[in-house]
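Worksheet for the structure shown next.
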Amino acid sequence: MHVTHPLIKPETIEARIYQQLVVASALKQNTLCVLGTGLGKTAIAALTIAGILSKRDGKVLIIAPSRPLVDQHFKSMNQFLNIDSEKIVILNGKISPKKREAMWESGKIFIATPQVAENDIISKILKPSQFSLLIADEAHHTTGNHSYTFVANKFKKKSHVLGLTASPGSNIDRIFEICGNLGIEHVEIKTEEDPDVAPYVAKVKMRPKRVELPEEFEVNLTLLKDALKDRLRDLKENRVIHSITVNKSELLGLNKKIMAMDDNIKYEMLRISSEAVKLEHAIEMLETQGRSTFLNYYQKLLTQNTKSAKEITNDPRFIQAVKNLNELDIEHPKYEKMLEIVKEILKENEKIIIFAQYRDTVQKIVDLLSENGIEAIMFVGQSNKDGKGMNQKEQAKAIERFKNEANVLVSTSVSEEGIDISSVNYVLFYEPVPSEIRMIQRRGRAARGEGGQVIVLIAQKTRDEGYYRAGLAKEKNMKNILKNMQTTLNKKLKELHEENEEEVEKTENKDHYMDLRSVVSSKTSDKLEEKKPIKLDKKSKSGLPNKATIIVDSRERHIGRYLSEKAEVEFKTLEIGDYILSDRVAVERKTAEDFENSIIDKRLFNQVMDLKKYERPLMIIEGNEFVRIHENAIRGMMFSIMIDYQIPIMFSRDIEDTADILVKLAEREQIKEKREISIRYGKRPMSLKERQKFLVEGLPDVGPVMAENLLDNFNSVESIFTASEKELTSVGGMGPITAKKIREVVTKKYRE
């Protein structure tokens, strides 16, 4: 039996009582629906949309955390809803704001990531007042400073809200935070034990499979653990930690405490703490992932230009462990066990999804299966700076191949959440995860089929054991919380009602919180529609704009929220800088952490060079907690930017202070100086000297000061390019290694 409704396509949604009960609640009040993976949250969304739109006019926004999930909702809504397909619109950051503005006006059902929705709310091309319903899929993201929270806060007083999640978490305060941010008035929780749900639940068995680490691994783990203990003892002796029995999370949280210490010891403790974190991670790589992943991590450490990385890679025990493992021809026993399990499953002609935490491990698994004649599809997140990711098209192609061609998918966490990859009866965890949300989402993949098995590989006597126990305990705790959630939430809402009865009464009387079967008449609705907000002329009587405009790089997160209160904001993909304040002023914003990272990975000089293409460039550094590089090196870099590159640096306390600075600068440029706002760089041509210096700075390891020294010594670019290594090293500050690199760049044939 299927649902019959004018806005639902015939025979597309099976009539299930538990779904209809959830929808009935969702139509009356803002509802959070907690329902296991594979039990039809998308169908509930479609039925709620149909119910809302059949009672009142307006638009619908569905937000989902990733592009693949946005695409999936787009397909589902086209499959279920009896609405003109042209009115169902998918929006992403690759579509220009001007096109998105037209799409927001012409469409009816919109599916977007929360980041796109946030930017368009700030740019005022998305108007929450035009919407009757917000659906927040994977609603457990609606916490803290997330874009989900921003969008929900803009919508919850203007439209109906439906939140959907399989796993809101085990912390009751966090669940209340989600409810508060979404404006939730009622929680609908459907568990596997509910009589109306049980017939549709695929039974999933958890099967831990333990393996014993080889003796060779144990020997090298002892070396690494000894190196770690030395660092932990130093931290304990200096009262940074109370015990050497600490985990990685505790180590990661030490920076704030260390920053409050005296300068004479602070930087040494920061370095030692960073070394401890890196060693802890290295141990985890070897214990839970294997030899190859550990050695890959070692190679990454070699490329890091930090004291902590150098100290670790020069530690004799670490060097010995690397040497031993390079000489070994054995891998983690999990690989052999995994291969054995996969072969058995494929004999039954079944599909299997293998989850692994790290991309290196995913690649190793795919390679191993391929070597054994098993076709495996890799599925990872979008490209990172290492270039090892998959773009959206590649992800879609991988999903399609898994559905139609191959029986094995090997994935990182990107496929845990929501994406309808395929119905499978087997899921394998290469390692357990200590998060109840992630455990439920991974296991839910096996609940999409007829009911299957989740196999968890566990290395005995390692942190795998603790992670497995933690995940199960948190999940059990979450289920206990959820059983009492509705009663607890209603009690909390009642308390709030008693505290401010009049205010709640006003809120409850608003039409968007009423039972939708008793909506206002069409005549009243028409009058409400006619009451549009008055648009103020952008210019005052003097002819100057009342507000400045700031062009913000679309990849900048969250700051638009603060800018939009005092300025007009436009989001664009900027090639140079993060903000454009006029035709001559571009601003690069760096948090203290990002400033350090961009020095270490050498992005900073390129960004500074690009910024110089504007007539009046500026850099803002936000915060002052520099933890990876000594303050003398930080100051040296700042001096170089200000003196050598002649780019002023301003300092701000936090993101709000940065926004305030940007607004005041933009007002000065546009209102006081009457300059236009446009993306325009390269207007001022370089002088001959600047061009010469620019060419020389393109040589390996040559900065502005060295370029100046070389030009002073050799008097021309040609002389520098033809100089021998010996002649180059005669210049102060030029070492033989740099001289050799320069000669190699200048003389090596291009096609060699």
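Throughout, residue positions are numbered sequentially from 1 according to the sequence presented.
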Problem set entry | Residues in side-chain contact (heavy atoms from CB on, under 4.5 Å) contact with Lys307, at least two apart in sequence or another chain | Arg271
For this session: Scan for ring-ring contact (aromatic ring centres under 6.0 Å, His included) pairs involving residues 224-273, sequence neighbours excluded, and state none if there are none.
Result: Tyr267-His630
Exercise. Using 4.0 Å as the upper bound for N to carboxylate O, is an ion pair formed by Arg603 and Asp594?
Worked result: yes
Problem set entry | By ring pair (Phe, Tyr, Trp, His ring centres under 6.0 Å) - contacts of Phe626 (at least two apart) | none
Exercise. Do Thr412 and Gln357 have side-chain N/O donor and acceptor atoms under 3.5 Å apart?
Worked result: no
Problem set entry | Contact list for residues 231-246, test salt bridge (Lys or Arg N to Asp or Glu O under 4.0 Å), sequence neighbours left out | Asp230-Arg233, Arg231-Glu275, Arg231-Asp315
Exercise. What residues, two or more places apart in sequence or in another chain, satisfy ring pair (Phe, Tyr, Trp, His ring centres under 6.0 Å) together with Phe595?
Worked result: none
For this session: Give the ring-plane orientation class for Phe217 versus His332, where under 30° counts as parallel, over 60° as perpendicular and anything between as tilted.
Result: perpendicular
Problem set entry | Option from Ile354, Val424, Ile345 for which side chain to side chain contact (heavy atoms under 4.5 Å, CB included) with Val408 holds | Ile354
Problem set entry | Ser274 and Lys278: side chain donor to acceptor below 3.5 Å | yes
Problem set entry | side-chain contact (heavy atoms from CB on, under 4.5 Å) involving Arg210 - partner list, sequence neighbours excluded | Pro208, Ile458, Gln460, Glu465, Tyr468
For this session: State yes or no: are the ring centers of Phe355 and Tyr426 separated by less than 6.0 Å?
Result: no
For this session: For Glu336, look at atom CD and say whether over 12 heavy atoms of other residues, nucleotides or ligands are found less than 6.0 Å away.
Result: no
Exercise. Mind checking what makes ring pair (Phe, Tyr, Trp, His ring centres under 6.0 Å) contact with Phe150, not counting sequence neighbours?
Worked result: none
Problem set entry | Short side-chain donor-acceptor distance under 3.5 Å, Arg359 and Asn296 | no
For this session: Report the residues that fulfil salt bridge (charged side-chain N to carboxylate O under 4.0 Å, His left out) with Glu622, sequence neighbours left out, ordered by chain and then residue number.
Result: Arg589
For this session: Could you walk me through whether Lys225 and Glu280 pass salt bridge (Lys or Arg N to Asp or Glu O under 4.0 Å), step by step?
Result: CA-CA 8 Å; Lys225 287 174 182 177; Glu280 179 73 25; over 6 Å; no
Problem set entry | For Tyr467, all residues meeting ring pair (Phe, Tyr, Trp, His ring centres under 6.0 Å), sequence neighbours excluded | none
Problem set entry | Check: Thr361/Thr293 side-chain N/O donor and acceptor closer than 3.5 Å | yes
Exercise. Just checking, is any N or O donor in the side chain of Glu216 or Asn220 under 3.5 Å from an acceptor N or O on the other one?
Worked result: no
Exercise. Counting heavy atoms not belonging to Gln304, are there more than 12 under 6.0 Å from its CD?
Worked result: yes
Problem set entry | ring-ring contact (aromatic ring centres under 6.0 Å, His included) partners of residues 268-290, not counting sequence neighbours, each pair once | His281-Tyr297, His281-Tyr358
Exercise. For Gln115, what residues pass the side-chain contact (heavy atoms from CB on, under 4.5 Å) criterion, not counting sequence neighbours?
Worked result: Thr113, His146, Ser147, Arg557
Exercise. Is the number of heavy atoms from other residues, nucleotides or ligands under 6.0 Å of Asp226 CG greater than 12?
Worked result: yes
Seminar exercise, completed: In short, salt bridge (Lys or Arg N to Asp or Glu O under 4.0 Å) pairs touching residues 171-183 with sequence neighbours left out are none
For this session: Taking all non-hydrogen atoms of both residues into account, name the closest pair between Leu251 and Leu232 and its distance.
Result: CD2-CD2, 3.9 Å
Problem set entry | Cationic N near anionic O, under 4.0 Å, Glu340 to Lys209 | no
